[in-house]
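Report on the following structure.
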Amino acid sequence: MIGGNTWHVSGGRVLGPAPFLVAGIVNVTPDSFFDGGRYLDPAAATDQGRALAAAGAHILDVGGESTRPGAQTVSEADELARVLPVVRDLARLPASSVEGQSLDGVGGVPLVSVDTYKATVAAEALAAGAVIVNDVSACRFDPGLMDVLAQHKPGYVLMHSLGRPGTMQQDPRYGDVVAEVLDFFEERLRALTRAGLPEANIVLDPGIGFGKLLEHNLALLRGLERFGALGRPLYVGLSNKSLWGKLLGLEPGERQIATAVAMGLLVARGVLVHRVHDVAAARQAALIATAMCCGT
């Protein structure tokens, strides 16, 4: 397992040890690249979260602002109005509504994550029942987020991106992309732990598609084992992303097989957390990879 197989979140809870964890995506947005607008109504988003839980998600990642390339920013008030009702409802899911102990060794009710870079949104979502903050900014867009993390000590997804979503795909350049992302993680890990967030609460996301061209994304995926030197598990999001369009000529609605195949390969190589739209397909790919490569 690259960097470890456990992840500490709010309240002293620990995810794992496990061969893989699946984070189901709940986009409460009008403009996400894959399902924008489908779950903008909070009731529809909550129903989608319940469906992902029933399919076996370990984590439900709720977001109210699209971070696709070229996306526009959303006000704090609008983002709160989108995500808080969904976080509250999903944090109250009864155990009877989801699968019990399953073949991956992790059963029970999924934990709720909030996908935000705003300090106030993170704080209110954590108060409403979220236990993880998934942040595309690495605490660079809103410095107050670091104080929220130090106070609440949630699980935290430390992601690399090259600038903001609106501009990050405008001619991104690297010398050695793996080395540069590794250096970035080292610097941000030091800053986060100095601020008071325990290292055990942090997982690392190389940010596939966030300020990277196809060659950068593929270099990162080939070089994931190098991040194991940092001693933290990896969190990777490949679901239906544009790299499959560039590599295979597929439209967003045609990328599910590519996503599942790639996820199975990453499970076999020791990536812990996988962020996906289709939880059922992801679990099948992960269970096959685990059985064939790691034993049952």
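Hydrogens, waters and symmetry mates are skipped; everything else that's a heavy atom, side chains included, is used.
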Is the shortest heavy-atom distance from the side chain of [X] to the side chain of [Y] under 4.5 Å?
{"X": "Thr290", "Y": "Val267", "value": "yes"}
{"X": "Leu60", "Y": "Leu52", "value": "yes"}
{"X": "Cys139", "Y": "Met146", "value": "yes"}
{"X": "Pro154", "Y": "Val9", "value": "no"}
{"X": "Leu158", "Y": "Leu189", "value": "yes"}
{"X": "Val131", "Y": "Leu126", "value": "no"}
{"X": "Leu224", "Y": "Ile2", "value": "yes"}
{"X": "Leu15", "Y": "Leu111", "value": "yes"}

Taking all non-hydrogen atoms of both residues into account, name the closest pair between [X] and [Y] and its distance.
{"X": "Ile59", "Y": "Ser113", "result": "CG2-CB, 3.7 Å"}
{"X": "Lys212", "Y": "Gly207", "result": "NZ-O, 2.9 Å"}
{"X": "His58", "Y": "Leu21", "result": "ND1-CA, 3.3 Å"}
{"X": "Cys293", "Y": "Ala268", "result": "SG-CB, 3.7 Å"}
{"X": "Val87", "Y": "Ala125", "result": "CG1-O, 3.7 Å"}
{"X": "Leu220", "Y": "Pro206", "result": "CD1-O, 4.0 Å"}

- Identify the residue among Thr73, Thr120, Val121, Leu84 that makes a side chain to side chain contact (heavy atoms under 4.5 Å, CB included) with Glu79.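 Option passing the side chain to side chain contact (heavy atoms under 4.5 Å, CB included) with Glu79: Val121.
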
Nearest 0.5 Å please: distance from the [atom1] atom of [X] over to the [atom2] atom of [Y].
{"X": "Arg173", "Y": "Asp171", "atom1": "CZ", "atom2": "CG", "value": "4.0 Å"}
{"X": "Asp115", "Y": "Ile132", "atom1": "CG", "atom2": "CD1", "value": "11.5 Å"}
{"X": "Ser75", "Y": "Leu80", "atom1": "OG", "atom2": "CG", "value": "8.5 Å"}
{"X": "Arg283", "Y": "His274", "atom1": "CZ", "atom2": "NE2", "value": "12.5 Å"}
{"X": "Thr6", "Y": "Met1", "atom1": "OG1", "atom2": "CE", "value": "9.5 Å"}
{"X": "Leu287", "Y": "Met292", "atom1": "CG", "atom2": "CE", "value": "13.0 Å"}

- Item | Derivation of the side-chain contact (heavy atoms from CB on, under 4.5 Å) call for Leu234 and Val273 | CA-CA 6 Å; Leu234 295 185; Val273 191; over 6 Å; no

Would you find a donor on one side and an acceptor on the other, under 3.5 Å apart, between the side chain of [X] and the backbone of [Y]?
{"X": "Arg88", "Y": "Ala128", "answer": "no"}
{"X": "Trp7", "Y": "Asn201", "answer": "yes"}
{"X": "His152", "Y": "Leu149", "answer": "no"}
{"X": "Ser242", "Y": "Gly245", "answer": "no"}
{"X": "Asn5", "Y": "Pro17", "answer": "no"}
{"X": "Arg82", "Y": "Pro42", "answer": "no"}
{"X": "Glu254", "Y": "Glu251", "answer": "yes"}
{"X": "Asp205", "Y": "Val236", "answer": "no"}
{"X": "Arg232", "Y": "Ile202", "answer": "yes"}
{"X": "Asp41", "Y": "Ala45", "answer": "no"}

- Message: Under the criterion side-chain contact (heavy atoms from CB on, under 4.5 Å), I'd like the reasoning laid out for Asp278 against Thr259: C-alpha separation, chi angles, the key distance, then a yes or no.
- Response: CA-CA 9 Å; Asp278 187 339; Thr259 296; over 6 Å; no

- Message: Under a 4.0 Å threshold between the charged nitrogen and the carboxylate oxygen, would Glu65 count as salt-bridged to Lys118?
- Response: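 So Lys118 pairs with Glu65 through a salt bridge.
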
Should [X] and [Y] be counted in the same cluster of Ile, Leu, Val, Met, Phe, Trp and Tyr side chains packed under 4.5 Å apart?
{"X": "Leu248", "Y": "Ile208", "result": "yes"}
{"X": "Val203", "Y": "Val14", "result": "no"}
{"X": "Leu265", "Y": "Ile288", "result": "no"}
{"X": "Val109", "Y": "Phe20", "result": "yes"}
{"X": "Leu218", "Y": "Met263", "result": "yes"}

[X] side chain to [Y] side chain, donor-acceptor N/O pair below 3.5 angstrom:
{"X": "His8", "Y": "Lys153", "answer": "no"}
{"X": "His277", "Y": "Asn240", "answer": "yes"}
{"X": "Ser161", "Y": "Arg140", "answer": "yes"}
{"X": "Asn27", "Y": "Thr29", "answer": "no"}

- Message: With side-chain contact (heavy atoms from CB on, under 4.5 Å) as the criterion, how do Leu221 and Leu238 come out once you've worked through the C-alpha distance, each side chain's angles and the decisive distance to 0.1 Å?
- Response: CA-CA 10 Å; Leu221 291 170; Leu238 296 176; 4.0 Å; yes

- Query: Between Phe141 and Tyr117, how do the two ring planes meet: parallel, tilted or perpendicular, split at 30° and 60°?
  - Reply: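 The rings of Phe141 and Tyr117 stand perpendicular, inter-plane angle above 60°.
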
- Query: Near Leu247 CG, under 6.0 Å, is it more than 12 heavy atoms from other residues, nucleotides or ligands?
  - Reply: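 Above 12, so yes.
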
- Item | Criterion ring-ring contact (aromatic ring centres under 6.0 Å, His included) against Phe227, the qualifying member of Phe184, Tyr235, Phe185 |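 Among Phe184, Tyr235, Phe185, the one that satisfies the ring-ring contact (aromatic ring centres under 6.0 Å, His included) with Phe227 is Phe185.
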
- Message: Please determine whether side-chain contact (heavy atoms from CB on, under 4.5 Å) holds for the pair Gln169 and Phe210, giving the CA-CA distance in whole Å, both sets of side-chain angles, and the decisive distance to 0.1 Å.
- Response: CA-CA 7 Å; Gln169 289 302 114; Phe210 282 79; 5.7 Å; no

